[in-house]
Every structure is written in structure tokens, then in C-alpha cells.
Amino acid sequence: MNQLLPFKLGTEVYALELPEIQEVVENPQIHDLPGAPETLAGAIAFHGRIVPVVDLPLLLGFPAGNRFDRLIVLSDRHGPMALWIDQMCPIMTLNLSHETLSQSSSEADCIRGVLNCRGEIISLLDLDQLQAKLEQLCAENGG
Amino acid sequence: MAKRVLIVDDALFMRTLLRDIFTAAGWNIVAEAENGLQAIEQYHLQQPDLVSMDIVMPEMGGIDAMKTILSTDPAAVVVVCSALGQESMIMEAIKAGAKDFIVKPFSDAQVLEVIERVAAG
Amino acid sequence: MDIAKYREMFLTEAAEHLQNMVSLLVELEAAPEDRNGIAALFREAHSIKGMAATMSYSATAQLAHHLEDQLDNCRSLGQISSTQIDYLLAAVDLLEGLLQDIRQQLPERSVEAFIQGEIPHQGLELLESVSCSEDLDNSNLLIHLRLEETVAAPGPRLLVLLKKLEEFGRLLETIPAEENILQGEISRTLEVRLKTDLSQEQIFTRLQKYSELAEITFPPEQIVEKQRKQQAVTTTVRVGTDLLDHFINLTGELITNRYCLQTAAAERNWSGLNEGLGQLARLVKNLHHQVLQVRMMPLATVTDRLPRTVRDLCRSSGKEVEFVVDGASIELDRAIIEALTDPLTHMVRNAIDHGIEQQGRVRIKAWRERDQVLIQISDNGRGIDPEKIRQRALQCGLLSPVQAENIRDYDLYQLICHPGFSTVEEITETSGRGVGMDVVKTAVERLGGILMIDSVAGEGSRMTMKLPLSVAIVRMLLIESAGSLLGLPITRVLQTLEVSPAEVRTSGKQLVITLQGELLPLLSLRKILRQPKGQVKKLLSLVVTEVLGRKIGLVVDRLVGQQEVFVQGLPAPFDRLRGNNGGAILGDGRIMFLLDLQPLLEKRRKKEA
């Protein structure tokens with residue numbers, strides 16, 4: 001069985017698997033990262049480390065909505081970095097098998113697969129693609 | 001001829017569980033022991049092909065018992081049995097000569113794989 | 001089994017011996033009949049031979065042995081010829097190459113040709129000898145194992161596998177090492193180099209019995225090589241035992257302190273808590289101080305290499321240069337020392353190449369001024385010709401004709417650090433392969449230091465670097481801009497002041513003020529950072545600093561104050577963002593980012609151009 005943490009970006013539901021997440025931070029104080037591109041919302045002080053915050057909806061092309069007051073801090077394999085999302089949903093447990101998971105259509109949309117959960121479409125976020133996207137972004141804004 | 005095993009564990013429940021798994025696999029349970037001291041005694045009496053040894057036990061723990069057994073019979077085949085989270089103890093046991101290990105809670109299949117592997121050498 | 005640890009020690013020590021050999025050889029060149037020097041040289045070669053033989057680095061040992069023979073001859077003759085010095089220096093170069101092979105875990109390059117009297121050229125020829133090494137023997141097998149994600153106790157599992165693999169042959173190397181597994185390093189992969197008589201198939205069949213293994217592969221050599229190189233970046237340092245004793249004592253005190261605090265907290269004993277916290281503050285400060293001590297290295301680590309460079313330069317240019325170092329025992333943080341290696345070498349090269357005409361002196365002088373270290377490289381050569389710089393600056397459009405006329409000589413000199421600026425028409429071999437002054441300046445500023453250039457025509461030039469003692473803890477000027485908190489290393493701040501908007505004038509499109517009789521261009525930090533415009537204030541807060549060789553007045557919202565902070569870099573890939581040199585978390589939880597003006601301004605300039 002797999003545990004998923006679903007969250008909303010605009011009107012769409014995305015999800016991460018629990019092992020991909022280090023912590024969920026409530027009411028974070030986000031500090032400006034001067035000179036950084038808009039998609040980087042800033043940085044937080046996370047257990048003594050400076051962890052950059054990615055404005056995920058903006059990065060994936062969703063309109064600027066009401067950002068939720070929680071951040072998802074990814075596990076160290078993909079980080080450290082924190083994702084800012086629109087809204088968080090309750091954790092769900094299901095079996096992620098090939099039948100439930102249909103492959104994503106495009107390679108650049110940061111989606112690992114799509115599942116239909118009781119009528120609701122949930123996209124699994126592809127962190128490797130996300131990281132590649134961020135690397136490109138930082139290289140473009142590099143000095 | 002059926003292979004002979006000595007089961008060492010302080011919990012009756014665990015011994016029963018292991019006994020059933022070994023029996024189902026066609027092993028002969030030659031003795032059971034509740035602590036390290038009994039284990040050493042039974043080992044010398046029975047000379048089993050394999051010892052399934054719990055690590056944390058009263059009187060004398062599994063690692064010390066295993067060391068004593070190995071000091072008199074370096075060819076002894078010992079598999080240690082331990083709860084999750086006691087990795088450093090398992091590693092100590094392996095350093096001291098355990099052939100393999102089983103982590104509790106375990107499934108029948110896991111136990112069988114380990115014992116067949118070590119019994120085959 | 002863990003040869004990696006010993007290899008590291010061997011490399012560190014052997015490199016020290018080689019460094020000593022170079023210094024001795026350069027000294028012997030001036031005094032070829034110094035028996036003590038020759039004897040010392042012999043001992044160095046002898047030590048290398050002994051260590052290399054113990055580690056079974058046969059080519060290294062063979063070459064060191066050969067040197068020992070040569071030096072034994074010199075010893076009995078009581079002198080060393082300059083041809084021999086050349087030969088021995090070439091041998092040291094070859095030994096350095098061998099150490100590099102060992103560091104990268106490549107087979108040692110061949111030394112036969114050299115010993116038989118051919119001095120090798122760097123590069124291709126050396127690589128041809130690779131295949132004959134025993135290290136690439138067929139009985140060596142690389143095995144890569146990966147555990148299933150579900151394996152409950154990966155550490156013990158890897159240990160069992162290691163013991164199993166030991167039954168198949170001799171383990172030459174494993175990643176992670178057994179020691180690391182025992183110490184609790186979590187890994188789900190195991191990389192093993194095995195010397196075995198068994199075939200791949202036989203090993204595969206035996207390992208297949210472990211259903212815990214998700215992957216059993218036998219990668220070709222190169223791939224592993226690449227991974228290993230990435231892991232090999234850690235270096236070792238030598239730490240005096242007295243310092244280690246300090247650490248253990250401090251640890252003891254910290255443990256005691258922890259119990260005091262726990263007890264006080266449990267009893268809600270506020271005065272006890274306060275006292276304990278005071279003690280903790282003292283202990284942490286002490287610990288910090290000691291840790292910094294471990295990181296300190298003498299400047300000699302860099303300057304000891306320079307006599308050889310100077311010697312080679314003199315040889316190739318036919319100049320006669322006396323090279324002096326004062327204050328080589330001054331200690332700096334190892335990160336600073338490492339970053340200084342190239343800039344120092346380049347400045348010495350520049351001095352010999354462009355400063356000294358035929359005969360002269362190059363001098364490095366280092367001294368401490370409070371919590372800063374100054375390092376000065378001076379020569380008594382021809383000096384920098386301000387006229388040439390003026391012409392060149394006009395040519396590249398760095399200065400307008402009016403500016404060129406009014407600029408002070410001192411400010412002109414700083415322009416040679418501008419990227420792409422060079423007054424030497426023909427690039428000589430030496431400066432052609434070195435780094436430019438712009439790189440020197442950037443390196444110094446990266447460390448939170450400043451570079452000052454001074455010169456008197458006909459008397460020589462002088463480059464002075466002003467550096468912090470340590471990089472991790474830096475004293476910062478905290479600045480606020482549109483709600484962001486930024487920091488500028490104090491060493492980069494020339495002055496802070498507040499001026500009334502009435503003092504601001506325009507010069508062309510540029511806002512300026514007059515400061516000590518000079519026009520100081522003003523730049524808005526908000527504008528540089530593309531932040532929204534602020535409100536007009538009664539007084540403007542200015543930070544005077546130097547960017548790209550020019551003094552500027554940075555207009556900021558507020559000067560917050562000074563503070564010592566611990567600087568940490570941003571994690572990858574964010575560390576590549578322009579203008580970001582890391583940040584620090586302050587006591588109140590706020591994050592301060594380091595302001596790196598140069599790249600930000602360069603980008604603006606490019607955009608405008």
C-alpha cells in the first residue's frame with residue numbers, strides 16, 4: 001500500500017508519496033531571496049538550514065491564487081527545498097499499481113502519472129522532472 | 001536425513017512460531033532454549049546443523065552465547081533473530097560470526113529463504 | 001581492508017615530502033655544496049620510498065628508490081650539479097603525477113623510461129603504459145549490488161553480503177567500507193572490487209539466492225571510476241593531539257552542562273537555567289574557536305610552492321630574481337588558503353613577467369591587523385605605466401575622455417582588474433596560461449576581502465590583499481531593502497553615511513554626491529534588485545563600497561547594524577543563482593542573504609549595452 005499526500009494547485013489535484021516528504025511546515029516565515037526569479041518565493045529557516053521555497057503553482061503555470069499557509073519540505077534526496085502549494089488535502093492510502101496509474105502524456109509537465117480515485121483525477125508530481133526544471137531555471141538566472 | 005535445528009528464544013510465542021515454520025519445511029527441532037546458557041548446553045548435547053538465536057534474552061544474551069559456541073565449534077552455523085531497530089546489535093553479531101539474520105516481525109518465506117541459504121553453505 | 005583511509009594519509013604525507021624536496025632543490029641551486037641540504041633531500045626520497053613500498057605502489061617506490069641512488073652519489077661527492085637539479089625536479093614532477101594516479105585510483109604511470117634517462121613529456125605517452133599494470137588484471141571484478149527498498153535492516157544485510165563476498169575471493173575495496181556500515185552509514189547499494197578466480201556467472205548464481213537484492217550488476221571499470229572521483233573530494237588535515245584533548249574536555253563540559261540544564265528545567269529553577277545558559281554560551285564560543293583553529297593553515301602552505309615557480313620563470317625568461325617571503329607563518333582558514341593558491345601564483349608571475357626587467361626582487365609580506373590578514377606582493381621593477389592604462393581604458397570604453405583626464409593614478413591602477421583588460425600587447429607564455437587580474441580580484445572579493453593596487457613608475461608595484469581570517473564566520477553590515485535583509489561583509493564597506501536629498505546632483509544620467517572632493521555615483525539597491533520604488537525620505541542612507549574597481553554609493557532603505565554571522569551556501573541548484581553567495585540565519589530566525597553586487601551590476605550593464 002502507498003500513502004499519498006494530495007494537494008491543490010489551482011483547481012487541479014496533485015500528490016506526493018509520503019516518503020518523498022520530510023516535513024510539512026505550518027505558518028512559515030518566508031524570507032525574500034533578492035534577485036531571484038519570481039518562481040522562487042524565498043527561503044525559510046528550517047532546523048538551522050536555509051531552505052529555498054519554490055512557488056509550485058507559478059512554476060507549473062497556474063494562475064496566482066491564494067497560497068496556503070503550509071509548505072511541503074521535500075526529503076533530502078530532492079532538496080533540501082520546500083514547495084509552496086495552494087491547498088492541502090487529507091492523506092490517503094491506496095495501492096499504486098500499474099492499473100490505477102496511467103502514464104503522463106507529456107514529459108515536461110512534471111507529472112509521473114495520473115490516477116483516477118473515485119472520480120477525482122490526481123496527478124503524481126515527478127520530482128526528478130521538477131528538479132531538472134529548477135536546474136534549468138537557476139542556470140538561466142545564473143551569474 | 002532431515003536437518004537438525006536448535007531454537008533459542010526467551011518468548012514461548014516466538015519459539016512456537018519458529019517451530020511451526022521449521023517443521024513445515026521438514027526440519028527436525030532437536031531442542032529449544034530460553035536463554036544463552038541453555039543454548040550453549042543444548043548445542044553441545046545435540047550438535048545441531050543450525051541454531052536460530054534470539055539476541056536479547058535474560059541470563060545470557062544471544063551474542064555471548066554464540067561467541068561461546070563458536071569458540072568451541074568454529075563451524076557452528078548460527079542465524080540471529082532480532083527486532084527491527086537493533087541493527088547495531090545485528091551487525092555486532094555478524095562481526096562475531098553469525099551467518100545471517102532474521103528481523104522480527106518476519107514472514108514464513110523470509111525465514112525459509114535465510115535458513116535454506118545458510119544450510120546450503 | 002579499508003585501504004582508502006591509508007591511501008589518504010599516504011597522499012597527504014607524500015605530498016609534503018615532495019614539497020620539501022622542491023624547496024630543498026631550489027635552495028641547493030644557490031648553494032650546491034650544502035651537504036646538509038643534500039642529506040635532507042636524500043632523507044625525503046627515502047621516506048617516500050618506504051611509504052610507497054608499504055602501500056605497494058611499486059612504480060612510485062621504484063622511482064623514489066632511483067632518486068635515492070642518485071642522491072647517494074651526490075652525498076658522497078659532496079655537491080649537486082645544476083643538471084642534476086633539473087633532473088631531480090623533473091623526477092619530482094613525475095612523482096606528483098604518480099600521486100595523482102593513486103589519488104584517482106588509476107594504475108600508476110610507467111617510470112621505466114624516465115629511469116632509463118628519457119625525461120617524459122606530459123600527457124599522451126604516459127597513458128599508453130596503462131595496460132601493463134597488474135591493477136587491471138583479469139581477476140579483478142567490479143560488482144554492484146542494490147538492495148530492495150523493502151529490506152528492513154539494510155546495514156546488517158550489506159554486512160552479510162560483504163562476508164559472503166569475502167568467501168569468493170579477496171575484497172580490494174568496498175563502497176561503503178565495512179567500517180562505515182558498522183558505524184551506521186545508511187546505504188542500499190554496495191560497490192565491491194573483488195579479486196577472485198570465480199567467473200561472473202558463478203558469482204551471479206550465488207548472489208541470486210538473496211531475494212533482498214534488487215540488482216546484481218558487473219559495471220565496467222570507468223563508471224565506477226567516475227563515481228569514486230566524486231567521492232574523493234574530502235581531504236585530510238593533521239590535528240595536534242593537544243587540540244583533540246581540548247575537544248574531549250569541552251565535550252565533557254558540554255555533557256555536564258546539559259545535565260545542569262535538564263535538572264534546572266525539571267525543577268523550574270530559573271536562576272539555574274540562566275546560569276546554565278551562560279555557561280553554554282561560553283562553551284559554544286570556546287568550541288567555535290577551537291574548531292576554527294583546526295581549520296587554520298599557515299600561509300607557507302602556498303608560498304612554499306612559489307620558489308619553484310620563480311626558479312622556472314627565471315630559467316625561461318633569463319631574468320635574475322631574488323624571491324623573499326616574510327610572515328609565511330601567519331595562519332588563515334584553509335578555505336582561504338586554498339582559494340589564494342592561484343591568485344598568489346599569478347601575481348608573482350606577473351611581477352616577474354611584467355614588472356622586473358632584468359634583475360630584481362619580488363617579495364611577499366604577510367601580517368595581521370586585528371581580525372584581518374594583509375598579504376602584499378611587491379616588486380622593484382618598472383612599475384605600472386598609468387599612461388598605458390589610460391589609453392587602454394579609453395580604447396575599451398571603460399572611461400570617457402573627461403573621466404580619463406581627471407582620474408587619479410591610484411584609481412587607474414585598479415582598472416587592470418577589469419575583465420578583459422590587458423596592457424601587454426604580446427602575451428607571453430607565462431601570463432598566457434595563468435589567470436587574469438580580474439580573476440585575482442574576484443577570488444579575493446569572494447572571500448570577503450579587498451585588493452588594492454599601487455605603483456610608482458620606475459620603482460615597482462605593490463598589490464595588497466586584505467582578507468578575513470576565516471570564511472565561515474564573517475562580520476557583516478546588515479542592510480534593509482524593501483523588507484529584505486541583506487548583508488555586506490564589513491571588509492567591503494568603505495564608509496556608511498546619511499545625506500540629505502538636497503546634496504544629490506545629476507551628472508549626465510547619473511545621480512552623484514560630492515564626497516571628500518570627489519564625485520561619487522549613487523546606485524539604488526532597490527533598483528539593482530528590481531524591487532519596487534521606495535518612499536522619499538528625509539535622509540538617504542548610503543553604503544560606500546567598491547565594485548568593478550569603482551567607488552559607488554549604494555542607496556539603501558536602512559542600515560540595520562553590524563553582526564557576526566555564520567554563512568551557509570544555498571543548496572544546489574539554487575547556489576547558481578546570480579548574485580547569491582549564500583546567507584545566514586540570525587538569532588531571531590530571520591534570514592540574511594549575502595549581497596554580491598558585481599554579478600548583479602554586470603548583468604545590468606549587459607542589458608543596457
Side-chain angles (χ1 to χ4, degrees), chain B residues 3 9 14 17-18 21 25 49-56 61-63 66-67 69-70 74-121, chain C residues 1-2 5 143 145-171 174-190 192 194 196-199 201-216:
Chain B
K3 294 258 189 185
D9 202 304
M14 292 305 299
L17 211 63
L18 285 166
I21 295 174
D49 300 308
L50 178 80
V51 184
S52 153
M53 178 82 80
D54 186 20
I55 292 186
V56 184
I63 296 179
M66 178 183 73
K67 283 182 183 162
I69 291 172
L70 283 169
V77 178
V78 182
V79 167
V80 290
C81 210
S82 170
L84 192 60
Q86 301 180 328
E87 309 205 351
S88 60
M89 265 196 270
I90 303 178
M91 293 203 270
E92 188 190 336
I94 296 165
K95 282 282 296 176
K99 286 280 181 297
D100 211 318
F101 65 94
I102 302 166
V103 176
K104 304 178 207 176
F106 45 70
S107 68
D108 296 13
Q110 282 167 341
V111 178
L112 287 175
E113 183 187 327
V114 170
I115 57 176
E116 267 155 28
R117 204 158 58 197
V118 295
Chain C
M1 188 177 59
D2 185 14
K5 194 173 89 189
I143 308 170
L145 303 177
R146 189 167 57 80
L147 295 179
E148 288 283 359
E149 287 295 316
T150 49
V151 168
R157 184 45 65 205
L158 290 185
L159 207 56
V160 168
L161 286 165
L162 266 184
K163 296 198 77 170
K164 193 75 199 169
L165 287 164
E166 261 177 337
E167 292 174 14
F168 301 159
R170 194 157 64 87
L171 295 182
T174 75
I175 303 171
E178 178 175 342
E179 209 181 85
N180 296 346
I181 299 175
L182 285 172
Q183 280 164 8
E185 180 181 320
I186 308 272
S187 171
R188 288 194 180 267
T189 60
L190 184 64
V192 177
L194 183 71
T196 177
D197 296 329
L198 297 179
S199 69
E201 292 73 36
Q202 285 169 315
I203 290 177
F204 185 78
T205 320
R206 295 190 195 189
L207 288 175
Q208 248 186 336
K209 287 186 184 165
Y210 291 81
S211 70
E212 294 93 343
L213 286 175
E215 196 183 309
I216 307 168

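The sequence lines fix the lettering, A, B, ..., with proteins before strands; numbering per chain opens at 1.
No other option in Glu92(B), Lys99(B), Lys95(B), Glu116(B) has as many heavy-atom pairs under 4.5 Å with chain C as Lys95(B).
Using a 4.5 Å cut-off between heavy atoms, Leu158(C) makes no contact with chain B at all. Of the atoms belonging to Ala120(B), it is side-chain heavy atoms, and not backbone ones, that fall under 4.5 Å from chain C. There is no contact between Arg206(C) and chain B, counting heavy-atom distances below 4.5 Å.
Considering all non-hydrogen atoms of both residues, Ile94(B) and Lys163(C) come closest at O-NZ, 2.8 Å. Taking every heavy atom of both residues into account, Glu87(B) and Pro154(C) meet most closely at OE2-CD, 4.0 Å. Pairing each heavy atom of Glu113(B) with each of Lys209(C), the nearest pair is OE2-O, 2.9 Å.
Rounded to the nearest 0.5 Å, atoms CZ (Arg117(B)) and CD (Glu212(C)) are 4.5 Å apart.
Pro156(C) pairs in a side chain to side chain contact (heavy atoms under 4.5 Å, CB included) with only one of the listed residues (Asp100(B), Ile90(B), Val103(B)), which is Ile90(B).
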